[in-house]
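Numbering of ligands and ligand atoms starts at 1, following listing order.
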Amino acid sequence: MKILVTNDDGINAPGIMALAAALERIGNVAVVAPDRERSAVSHALTLHHPLRAECLAPGRYSVDGTPTDCVNLGIHSLLDFHPDLVVSGINRGANLGDDVTYSGTVAAAMEATLMGIPAFAVSLACRDNNGGYGAAAEFAARLALLVAANGLPRDTFLNVNVPDIPGNQIKRPLVTIQGRRKYEGTVVDKVDPRGRGYYWIGTADLDFHDIEGSDFAAVSRGHISVTPLHLDLTNHSSIAMLKGWDIC
Ligand code: MN
């Protein structure tokens with residue numbers, strides 16, 4: 001199996017190193033990742049300046065762009081193989097519920113899916129920089145084999161979140177739905193040392209709606225969460241309602 005690994009925390013992040021090492025045991029791995037942290041850039045694509053890639057070692061490239069740039073450069077220019085699978089992560093911090101719409105980690109898997117390549121994103125639900133990535137990396141390798149054996153439905157990729165608890169305490173993986181976060185009070189409004197106001201969008205320690213079967217519910221109870229995500233954002237159940245408006 002030929003695997004492209006990327007992330008949004010940067011090529012030197014411990015999560016991508018653990019992921020690449022685990023996947024190397026089951027396949028041929030190349031890493032193309034941002035040269036610095038690019039978290040929360042979502043699906044951004046660099047169009048207005050050139051991109052530079054640096055080969056750090058055979059099959060290891062850093063790019064001064066976004067995770068989506070990395071998938072593009074990897075597949076269209078840098079790699080000497082066409083990957084069978086793209087895996088993005090292991091992100092430092094969860095990507096649960098509505099947060100997937102901000103995530104560079106998730107967007108890299110989305111980009112691969114747009115190209116017709118099976119993909120999944122893996123995140124560790126840690127709150128600090130000391131997360132232990134071993135259990136998440138092991139599960140990623142297991143899931144890679146399952147994806148290779150079974151394939152994924154059309155336009156579908158997987159969003160995996162692993163609780164940050166000792167590996168022997170992690171409960172069985174659950175297939176989940178995308179949950180809902182509570183975003184109240186996320187903007188911090190303060191005054192800087194020169195007396196000028198500033199704002200800081202804070203996302204730490206936000207609560208979530210405890211929806212049964214959701215990714216949040218699974219991870220908060222110690223389970224690994226696997227959510228199938230779809231590229232088609234259409235709300236099909238709203239089509240009939242909109243057709244009832246005087247639009248057409
Ligand atoms: Mn990140």
Query raised in the report: From the Mn ion (ligand 1) out to just under 2.8 Å, does an N/O/S atom of N7 turn up?
Result: no
Query raised in the report: Got an N, O or S from S39 under 2.8 Å of the Mn ion (ligand 1)?
Result: yes
Report task. Could you grab the distance from atom CD of E54 to atom OH of Y61, nearest 0.5 Å is fine? Result -> 11.5 Å
Report task. Please lay out, stage by stage, how D207 and Y183 fare under the test side-chain hydrogen bond (donor to acceptor under 3.5 Å, both in side chains). Result -> CA-CA 8 Å; D207 206 0; Y183 285 110; over 6 Å; no
Query raised in the report: At the Mn ion (ligand 1), what is the angle formed between atom OD1 of D9 and atom OD1 of D8, rounded to the nearest 10°?
Result: 90°
Query - Exercise: identify the closest heavy-atom pair between N7 and G89 - result: CB-O, 3.6 Å
Requested in this report: Could you check T6, T46, L51, T68 and say which one makes a side chain to side chain contact (heavy atoms under 4.5 Å, CB included) with L73?
Outcome: L51
